Amino acid sequence: MIEKNYQPADIETRMSVVWEDSLAFKAGRPDRRDAVPFTIVIPPPNVTGSLHMGHALNNTLQDILCRFERMRGRDVLWQPGTDHAGIATQMVVERQLMERQQPGRREMGREKFLERVWQWKAESGDTIINQLKRLGASCDWSRERFTMDEGLSKAVVKVFVELHREGLIYKDKRLVNWDTKLLTAISDLEVQQTEVKGHLWYLRYPIEGKTFNPEDTSSFIVVATTRPETMLGDTGVAVHPEDDRYQKLIGKNVVLPLVGRKIKIVADEYSDPEKGSGAVKVTPAHDFNDFEVGNRHGLRRISVLDREGCLDLLDNEDYLRDLPEGAAQFAEEFHKVDRFAARKRIVERLESFGFVERIEPHTHMVPHGDRSNSVIEPYLTDQWYVDAKTLARPAIAAVRSGETTFVPKNWEKTYYEWMENIQPWCISRQLWWGHQIPAWYGPDGKVFVAETEEEAISHALGYYVEQEVITPEQGREMALDRNKREGFITRDEDVLDTWFSSALWPFSTLGWPDETPEVQRYYPTNALVTGFDIIFFWVARMMMMGLHFMKEVPFSTIYIHALVRDEKGAKMSKSKGNVIDPLNLIDEYGADALRFTLAAMAAQGRDIKLATSRVEGYRNFATKLWNACRFAEMNHCAVPDGFEPAKAKETLNRWIAHETAHTTREVTEAIEAYRFNDAAGSIYRFVWNVYCDWYVELAKPVLLGPDSPAKDETRAMVAWARDEILKLLHPFMPFITEELWEVTARREGLLALAPWPLKPVEPTPEQLAMLAATTGPTDALVSPAWVLPIFDHADFTDPAAEAEIGWVIDLVTQIRSVRAEMNIAPATLTALVLAGASAETKERAPRWADVIKRMARLSDISFADRAPDGAVQLLVRGEVAALPLKGVIDVAAERARLDKEIAKAEADIKRAESKLANEKFVANAAEEVVEEEREKREAALARKAKLLEAMERLKQAS
RNA sequence: GGGCACGUAGCUCAGCGGGAGAGCACUACCUUGACAUGGUAGGGGUCACAGGUUCGAUCCCUGUCGUGCCCA
């Protein structure tokens with residue numbers, strides 16, 4: 001029995017349990033042992049996270065694909081799991097400690113703190129997983145992984161050691177993006193350029209050997225800078241080599257104000273004569289461009305900031321070297337002043353000596369950390385890097401060759417753009433939460449990279465014995481006795497960038513580096529579904545790592561979906577307060593409604609502006625389906641054993657079989673092409689506007705009438721089409737369809753495992769050969785599925801049924817329309833006269849009399865040679881249908897209506913004729929198009945003739 | 001500055017070379033035996049603007065204006 005009301009919450013809770021208990025989503029089910037696998041790895045959400053709209057969209061689309069392929073008989077693995085999210089998680093736990101006024105991370109120490117994070121993960125790590133389950137995600141939950149679990153950590157270490165051995169991971173001292181708040185390096189991608197209103201300071205740097213005088217422009221050179229405080233670390237001034245103004249100064253020295261250091265004026269094209277004064281100060285230790293300039297001219301790098309962004313001058317040997325007397329006093333005064341305070345004070349000091357020429361307002365981009373939102377400092381440190389350039393090469397080639405395809409395709413350009421200009425990837429982070437780098441340092445700082453500490457120590461001992469730092473005897477003792485080697489080597493404190501482990505996700509989750517059956521069976525995966533915001537962070541890096549370690553692309557299709565915005569198009573953010581919580585929507589409208597909304601709006605290449613009214617609308621759609629199923633149940637509709645829709649005799653039933661097959665094809669093809677919105681739109685229209693609005697309505701007289709073979713067949717067909725609907729809709733609305741599947745009949749199994757109405761047909765060897773002959777191996781756009789027929793049953797094409805039901809629909813619609821126009825009350829029944837009806841109509845009319853009377857509110861249907869006087873006359877598929885309403889209708893109004901119709905017909909005739917009169921049109925347009933135009937003209941002419949006749953009759957009657 | 005999108009009904013969006021579509025909102029009517037979370041009918045658009053290609057442009061091309069995003 002179907003409950004009277006559709007209550008999503010009840011159904012969803014119950015169905016989750018049913019699916020879980022039946023292991024429906026388990027990969028490698030015995031009954032699918034011989035099936036072709038279909039694999040998707042979930043973009044692992046942060047353990048700190050909770051479900052937001054982006055997740056809801058992302059996972060809905062993945063689930064649609066997985067459920068679709070599962071129903072198509074594939075052995076589906078949707079691999080779930082979560083990401084340890086280094087910085088984000090560490091921040092959450094630290095904030096928690098602070099809120100609870102507990103000792104901070106540094107006071108606790110590394111070990112204690114990590115225990116604490118694990119504890120926190122244990123407490124709240126399930127949150128997002130449970131939320132994904134509420135959405136209906138059909139992951140194989142038994143295989144859930146975490147980027148820091150044992151197996152994945154093993155993969156991380158293995159990858160690090162291998163890449164290091166191959167020279168693709170190395171340690172280097174260069175400028176990094178330094179977060180002075182989180183006290184760690186971050187990668188370029190984690191830096192957000194934000195426009196900031198600042199100033200451009202024009203500073204006078206005195207020329208060596210001249211007496212500085214603000215009035216004498218030959219005594220100084222003006223440099224423009226946005227960061228005056230870094231001038232303490234200046235080691236040069238650059239001018240453009242072709243800038244006439246400065247030719248004479250190239251090679252000379254200036255004396256750095258306040259500091260007294262002598263620095264050289266160099267010619268470098270980096271300096272833009274159009275910008276500022278055309279001369280720039282060069283601070284190689286605090287600016288990426290200056291770093292390059294410095295390298296080109298052999299300038300010193302003097303770091304004047306500490307890790308927290310304060311001036312660091314005392315005991316700074318680089319800074320103090322070669323400074324004149326008195327410099328130490330200045331250093332003492334400014335030591336440990338914060339960078340922004342220092343900026344102010346240094347400018348004041350420069351002004352007091354006349355070194356500031358002018359200050360202009362200046363808007364420019366300033367780098368900010370995406371997590372801390374503090375200003376990022378280019379900072380000179382030792383960090384670990386991945387040689388991304390080398391790894392990118394095959395990753396670019398794989399997309400170029402079509403081994404991996406982006407959908408929509410335009411993202412490939414973005415991918416190439418970035419990959420071709422890729423910079424070394426800084427992977428070390430000065431954090432605690434993450435994979436600690438498997439590198440150990442000997443007493444002299446030499447690095448030993450190894451999978452375990454034991455291995456590292458053995459390398460180290462071997463090395464130092466050979467170097468005669470220790471004797472062989474000492475080496476043996478230390479190798480045997482843990483205590484004796486204590487502290488001999490120390491492990492690198494840093495951890496890896498979170499994305500390092502995510503990059504391995506498509507194979508590490510399958511058990512790699514062990515040679516597991518899962519790696520064999522499920523790699524490479526089929527599709528990756530993700531947002532464009534992580535193409536660089538994640539997708540590109542999976543491509544690099546997958547190709548390098550597995551020698552195969554990690555996925556063949558990358559489907560990039562849009563961002564979910566609020567209904568005004570603004571990015572959802574906590575600070576704007578415009579966040580729509582998907583869980584609230586699920587509570588209010590049900591997960592199915594939310595899923596359907598997201599799918600219906602997931603058009604390729606366009607952001608989703610989500611309005612809750614849409615969700616409500618699709619909840620109503622679910623209710624509609626619910627009630628249609630109730631109707632079927634009340635009328636004892638069931639599919640008898642051995643029922644074959646293709647053998648239906650009743651026209652109406654043949655028609656719905658045809659329409660069902662048509663929709664099935666549309667939905668199937670749309671999902672295959674990742675056109676989720678088309679698939680959703682197609683099934684929506686079918687359920688509401690075809691099945692409910694017409695099929696069920698037209699079937700009512702039969703279903704409510706006396707028993708007959710026609711009634712039996714109709715009952716069967718109502719139920720059959722309903723089952724087809726449930727199947728087609730299941731990937732989009734899994735809960736309600738599974739529920740209805742269960743309660744509407746005795747079933748062999750779950751809907752989630754039921755066969756999809758259209759199965760892909762395995763291509764025959766001949767077809768494959770043909771395909772190979774027609775498309776070269778480079779033409780990856782053409783996949784076999786698009787070329788070969790995929791249908792495994794008839795599409796029930798039946799033009800006769802279409803014509804007959806189409807006539808009924810047109811007739812009813814037109815009568816309704818004119819009744820409304822004439823303001824005829826619904827309670828008033830009118831007669832219908834079919835004037836000059838064809839044999840076909842005469843035959844059809846009695847068959848449909850009941851239904852037409854019911855739907856068009858008619859008292860009776862009769863035939864006549866001509867329409868009665870004073871009747872409203874309609875043209876239905878070229879024939880006159882008259883409603884004798886003499887005395888009821890307003891003649892003037894009816895005349896106006898006919899006039900309007902005639903005008904419309906005339907406009908159509910004119911348009912068609914002008915086209916056909918155009919010789920070029922007839923000569924150039926496709927034959928079908930011209931023919932179509934002729935048909936249009938004939939139809940319009942006939943229509944006009946009938947309408948004029950009707951008008952004549954109306955005139956006579958009045 | 002470079003790149004990628006996007007300007008279609010009041011709103012949110014489809015369509016993308018041969019007569020403008022959906023959902024929501026709106027108007028009128030309807031408690032008809034699945035459904036008022038419903039039914040029926042209806043109003044509403046020089047498809048941003050200007051050129052070009054074409055027999056034919058909302059659709060392709062160029063430019064302009066406007067909006068958003070990404071990268072320097």
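Residue numbers begin at 1 in each chain, while the letters A, B, ... track the order of the sequences. Here the structure is a predicted model, which is why all the values come from computation and not from measurement.
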Set of ring pair (Phe, Tyr, Trp, His ring centres under 6.0 Å) partners for A:His240, sequence neighbours left out: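 With sequence neighbours excluded, A:His240 shows a ring pair (Phe, Tyr, Trp, His ring centres under 6.0 Å) to no residue whatsoever.
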
Under 4.0 Å between a side-chain nitrogen and a carboxylate oxygen: does that hold for [X] and [Y]?
{"X": "A:Glu697", "Y": "A:Arg854", "answer": "yes"}
{"X": "A:Asp908", "Y": "A:Arg943", "answer": "yes"}
{"X": "A:Lys910", "Y": "A:Glu913", "answer": "no"}
{"X": "A:Glu633", "Y": "A:Arg630", "answer": "no"}

Euclidean distance for [atom1], [N] against [M] (whole angstrom):
{"N": "B:A22", "M": "B:U8", "atom1": "C1'", "result": "13 Å"}
{"N": "B:G44", "M": "B:C4", "atom1": "P", "result": "40 Å"}
{"N": "B:C26", "M": "B:C11", "atom1": "P", "result": "15 Å"}
{"N": "B:G21", "M": "B:C16", "atom1": "P", "result": "14 Å"}
{"N": "B:C13", "M": "B:C47", "atom1": "C1'", "result": "13 Å"}
{"N": "B:G7", "M": "B:C49", "atom1": "P", "result": "13 Å"}
{"N": "B:A5", "M": "B:G23", "atom1": "P", "result": "30 Å"}
{"N": "B:U31", "M": "B:G68", "atom1": "C1'", "result": "48 Å"}

B/S/- contact track for nucleotides 27-40 of chain B, protein heavy atom under 4.0 Å: --SS--BBB-BSSS

Nearest-angstrom distance from the residue atom [atom1] of [X] to [atom2] of [N]:
{"X": "A:Trp418", "N": "B:A72", "atom1": "CH2", "atom2": "P", "value": "10 Å"}
{"X": "A:Phe536", "N": "B:G3", "atom1": "CZ", "atom2": "C1'", "value": "10 Å"}
{"X": "A:Tyr415", "N": "B:G3", "atom1": "OH", "atom2": "C1'", "value": "18 Å"}
{"X": "A:Lys920", "N": "B:G18", "atom1": "NZ", "atom2": "C1'", "value": "18 Å"}
{"X": "A:Phe921", "N": "B:G56", "atom1": "CZ", "atom2": "C1'", "value": "8 Å"}
{"X": "A:Lys413", "N": "B:C70", "atom1": "NZ", "atom2": "P", "value": "18 Å"}
{"X": "A:Phe532", "N": "B:C69", "atom1": "CZ", "atom2": "P", "value": "10 Å"}
{"X": "A:Asp287", "N": "B:A72", "atom1": "CG", "atom2": "P", "value": "14 Å"}

Base, sugar-phosphate or nothing for [X]? Non-hydrogen atoms, less than 4.0 Å.
{"X": "A:Lys936", "answer": "base"}
{"X": "A:Tyr618", "answer": "nothing"}
{"X": "A:Ala926", "answer": "base"}

Side chain of A:Asn918 - closest among B:U12, B:C4, B:C55: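 Nucleotide nearest to A:Asn918's side chain: B:C55.
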
Contacts of A:Gln873 that satisfy side chain to side chain donor-acceptor pair (under 3.5 Å) - sequence neighbours left out: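 Scan of A:Gln873 (side chain to side chain donor-acceptor pair (under 3.5 Å), adjacent residues dropped) gives none.
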
Partner residues of A:Asp272 under the side chain to side chain donor-acceptor pair (under 3.5 Å) criterion, sequence neighbours left out: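 For A:Asp272 there are no side chain to side chain donor-acceptor pair (under 3.5 Å) partners, ignoring immediate neighbours.
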
Side chain to side chain contact (heavy atoms under 4.5 Å, CB included) evaluation trace for A:Arg857 with A:Thr828: CA-CA 7 Å; A:Arg857 318 283 306 159; A:Thr828 312; over 6 Å; no

Range-with-range stems of RNA chain B (Watson-Crick or G-U pairs under 3.5 Å, three or more in a row):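 Detected stem regions: B:1-7 with B:65-71, B:10-13 with B:21-24, B:26-30 with B:38-42, B:48-52 with B:60-64.
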
Distance test, side-chain N/O of A:Asn924 to OP1/OP2 of B:C55, below 4.0 Å: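 A:Asn924 to B:C55 OP1/OP2: side-chain N or O found under 4.0 Å.
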
Enclosure of A:Lys389 NZ (heavy-atom neighbours >12, cutoff 6.0 Å):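 Incorrect, the count does not exceed 12.
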
In residues 683-695 of chain A, what donor-acceptor pairs under 3.5 Å come from side-chain atoms, sequence neighbours left out?
residue: A:Asn689; atom: ND2; partner: A:Asp693; partner atom: OD2; Å: 3.3
residue: A:Tyr691; atom: OH; partner: A:Val718; partner atom: O; Å: 2.8
residue: A:Tyr695; atom: OH; partner: A:Asn653; partner atom: OD1; Å: 2.7

Contact summary for A:Arg296 and A:Tyr270, nearest pair of heavy atoms: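 So the minimum-distance heavy-atom pair works out to NH2-CB, 4.0 Å.
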
